[in-house]
Number of protein chains: 2
Amino acid sequence: MSHAPTTKGRATRARIIEGAAEVLRERGVAFTTLDDIRARTATSKSQLFHYFPEGKDELLLAVAQFEADRVLEDQQPYLGCLDSWESWYQWRDAVVERYERQGDQCPLGSLFLQVGRSRPGARAIVAELMRQWQEQLARGMRALRARGLVSPTLDVDTTAAALLAGVQGGVSVMMSTGDSTHLKAALDTGIEYLRVTADRTGPR
Amino acid sequence: MSHAPTTKGRATRARIIEGAAEVLRERGVAFTTLDDIRARTATSKSQLFHYFPEGKDELLLAVAQFEADRVLEDQQPYLGCLDSWESWYQWRDAVVERYERQGDQCPLGSLFLQVGRSRPGARAIVAELMRQWQEQLARGMRALRARGLVSPTLDVDTTAAALLAGVQGGVSVMMSTGDSTHLKAALDTGIEYLRVTADRTGPR
DNA sequence: GCAAAAATGGACCAGCAAGTCCAGTCCGGG
DNA sequence: CCCGGACTGGACTTGCTGGTCCATTTTTGC
């Protein structure tokens with residue numbers, strides 16, 4: 001048959017994706033050409049199309065997946081064990097730190113815009129990332145609830161969705177303004193909301 | 001001197017901006033060419049460059065401003081008088097309705113990505129929009145506070161920033177997934193947070 | 001009514017970037 | 001050693017798109 005990826009081949013493919021991710025973060029999707037990626041990864045045109053036969057879109061999609069995988073990884077181990085107030089605040093700090101370091105680059109967002117809504121692949125990547133992220137937040141809230149730290153009537157799913165939205169929006173605003181105030185406000189207020197419910201004994 | 005815009009001239013310019021905004025919403029910035037805009041607005045190349053001498057970027061910036069102006073307008077009159085719980089819920093419904101109607105098109109977000117962080121103009125437009133939006137939310141919260149509907153110790157600015165972030169994030173998620181769950185959750189939880197503080201008499 | 005300026009039409013240009021092609025090299029198995 | 005297929009290099013093609021230019025028409029001020 002045709003394709004049986006060699007060790008070397010797999011390494012090259014990985015190198016392309018990682019290098020492309022770098023360039024894309026720096027210059028932005030709209031201003032990155034295949035030649036830029038070629039230069040950064042020390043590859044030739046034919047290699048690019050050898051590993052991504054469908055062309056640029058396929059490569060961008062692979063980079064999107066690569067970036068998506070990193071998003072949750074970068075929040076570990078905090079995101080994985082949100083079972084005390086302490087751990088929630090550590091997670092908060094990790095998120096703020098990560099995105100402040102990232103600055104005004106939003107690889108995933110711009111990737112999504114470029115690849116387009118048309119291709120279902122892009123949607124799927126983002127949707128799956130959101131699902132997992134929210135799930136982990138919800139699990140953390142359930143852990144708090146199990147320990148009696150928040151109201152037993154807390155609507156975990158809605159609250160997790162709202163917190164996730166806050167983080168997303170905070171990051172979005174930071175992309176536009178370069179200011180992390182909103183991200184911090186969303187995180188702090190979200191956690192504060194959880195704490196407030198601890199003081200209330202019953203529903204409503 | 002040179003430029004003294006005629007009535008006809010102003011009309012044409014406006015027609016270009018509005019038509020361009022339509023096309024951009026439909027096809028997305030990355031996939032829209034000047035010829036698309038030309039076709040939609042029934043204009044010629046020279047007209048485009050007559051009214052936007054700096055070229056495509058200048059036109060995109062004008063469209064961005066046009067879209068930004070509509071964002072807050074579309075939330076009126078509700079956003080302007082958030083002085084009762086009733087009015088907050090009406091605002092909530094207006095926001096949800098507006099963005100659900102808009103669907104998966106985010107003219108401003110994609111415009112920003114395309115024009116790029118380089119040009120300060122784009123940043124300024126978004127930053128100013130955010131500032132005004134947040135200011136109106138904060139004013140609404142102060143109105144509630146003045147009526148004793150929320151805690152007198154409510155940190156209005158932080159809470160307004162968090163709520164704005166939630167809305168932004170909700171919209172972002174909806175762009176990606178086509179689902180307005182997060183937007184609704186952010187709005188509901190944000191308002192709920194305000195209501196909760198009403199029950200608490202003092203700080204902390 | 002008449003210059004001057006604004007507005008318009010559309011052919012044309014230049015550059016760039018995605019994608020193609022083929023020749024040549026490397027590598028693993030037999 | 002050697003053969004087939006994976007891998008690599010880079011020149012070339014092609015289509016598109018932003019931008020230019022100038023001729024023509026319409027409008028405005030006087």
Side-chain angles (χ1 to χ4, degrees), chain A residues 1-20 23-24 26-64 110-111 113-116 118-119, chain B residues 1-20 23-24 26-64 110-111 113-116 118-119 121-122:
Chain A
M1 259 298 278
S2 52
H3 49 86
T6 297
T7 310
K8 191 179 176 185
R10 254 174 286 127
T12 303
R13 193 187 142 98
R15 193 178 78 236
I16 292 174
I17 292 179
E18 286 166 34
V23 183
L24 287 168
E26 288 171 19
R27 302 167 107 86
V29 185
F31 306 105
T32 300
T33 74
L34 288 186
D35 275 344
D36 293 331
I37 296 173
R38 235 175 39 66
R40 176 69 60 105
T41 60
T43 51
S44 67
K45 262 297 179 51
S46 68
Q47 280 171 299
L48 257 36
F49 283 87
H50 178 71
Y51 293 105
F52 305 94
E54 309 254 301
K56 195 180 190 183
D57 279 357
E58 190 184 352
L59 173 55
L60 289 182
L61 216 57
V63 173
S110 47
L111 240 18
L113 265 321
Q114 175 82 355
V115 175
S118 49
R119 232 156 293 280
Chain B
M1 262 294 279
S2 53
H3 49 86
T6 297
T7 309
K8 191 180 178 185
R10 256 175 286 127
T12 302
R13 192 188 142 98
R15 193 179 78 234
I16 292 174
I17 292 179
E18 286 167 34
V23 183
L24 287 168
E26 287 172 20
R27 302 166 109 87
V29 184
F31 307 104
T32 300
T33 73
L34 289 185
D35 273 345
D36 293 331
I37 296 173
R38 235 176 39 65
R40 176 69 60 104
T41 59
T43 51
S44 68
K45 262 301 181 47
S46 68
Q47 279 170 297
L48 256 36
F49 283 86
H50 178 70
Y51 293 105
F52 306 94
E54 309 254 300
K56 196 182 189 183
D57 279 358
E58 189 183 353
L59 172 54
L60 289 182
L61 216 56
V63 173
S110 48
L111 241 16
L113 265 322
Q114 174 82 355
V115 175
S118 48
R119 235 156 292 281

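Being a predicted model, the structure only gives us computed values, none of them experimental. Values below: all heavy atoms of this structure, side chains included; hydrogens, waters and symmetry mates excluded. In the text below, chain A, chain B and the rest are named by the order of the sequence lines, each starting its count at 1.
For the pair Phe49(A) CZ and dA11(D) P, the computed distance is 17 Å after rounding to whole Å. When rounded to the nearest whole Å, the span between NE2 of His50(B) and P of dG19(D) equals 17 Å. Straight-line distance from the CD atom of Glu54(A) to the P atom of dA18(C): 16 Å, rounded to whole Å. Remark: P of dG9(C) and CG of Leu48(B) are 11 Å apart, rounded to the nearest angstrom. Phe52(A) places its CZ atom 15 Å from the P atom of dA18(C), with the value rounded to the nearest Å. Rounded to whole Å, atom C1' of dG18(D) lies 12 Å from atom CG of Leu59(B). In this structure, Lys8(A) atom NZ and dT25(C) atom P are separated by 13 Å, rounded to whole Å. The nearest whole Å value for the distance from the CZ atom in Arg38(B) to the C1' atom in dC12(C) is 14 Å.
Of the two residues contacting DNA chain D, namely Pro53(B) and Thr33(B), the nearest-nucleotide position lying further toward the 5' end is that of Thr33(B). Summary of the strand contacts: Gly9(A) and Thr32(B) both lie near DNA chain D, and taking for each the nucleotide with the nearest heavy atom, the more 5' one is attributed to Gly9(A).
Among the protein residues, Ser46(A) comes within range of the nucleic acid bases, having at least one heavy atom under 4.0 Å from a base atom. Contact annotation for Thr7(B): no contact, since no heavy-atom pair falls under 4.0 Å across all strands.
Taking only side-chain nitrogens and oxygens, Thr12(A) comes nearer than 4.0 Å to OP1 or OP2 of dT8(D). The side chain of Ser44(B) contributes no N or O atom lying less than 4.0 Å from OP1 or OP2 of dT8(C). Close to dT8(D), at under 4.0 Å from its OP1 or OP2, lies a side-chain N or O of Gln47(A).
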Next on the checklist: Does Leu34(A) form a side chain to side chain contact (heavy atoms under 4.5 Å, CB included) with Arg38(A)? I'd like the steps, not just the answer.
Outcome noted: CA-CA 6 Å; Leu34(A) 288 186; Arg38(A) 235 175 39 66; 6.0 Å; no
Item to check | Trace of the side chain to side chain contact (heavy atoms under 4.5 Å, CB included) decision for Gln47(B) with Thr41(B) | outcome: CA-CA 10 Å; Gln47(B) 279 170 297; Thr41(B) 59; over 6 Å; no
Checklist entry - Going through the distances and angles, do Phe52(B) and Ile17(B) end up as a side chain to side chain contact (heavy atoms under 4.5 Å, CB included)? => result CA-CA 10 Å; Phe52(B) 306 94; Ile17(B) 292 179; 3.8 Å; yes
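The nucleotide whose nearest atom lies closest to any side-chain atom of Lys45(B) is, among dG19(D), dC7(D), dG19(C), dG19(D). Relative to the side chain of Lys56(A), the nucleotides dG18(D), dA7(C), dA18(C) differ in distance, and dA18(C) lies closest.
Here Arg40(A) pairs with Glu26(A) in a salt bridge; the nearest charged N to carboxylate O distance falls below 4.0 Å.
Of the residues Val63(B), Asp36(B), Leu59(B), the one that meets the side chain to side chain contact (heavy atoms under 4.5 Å, CB included) test with Leu24(B) is Val63(B).
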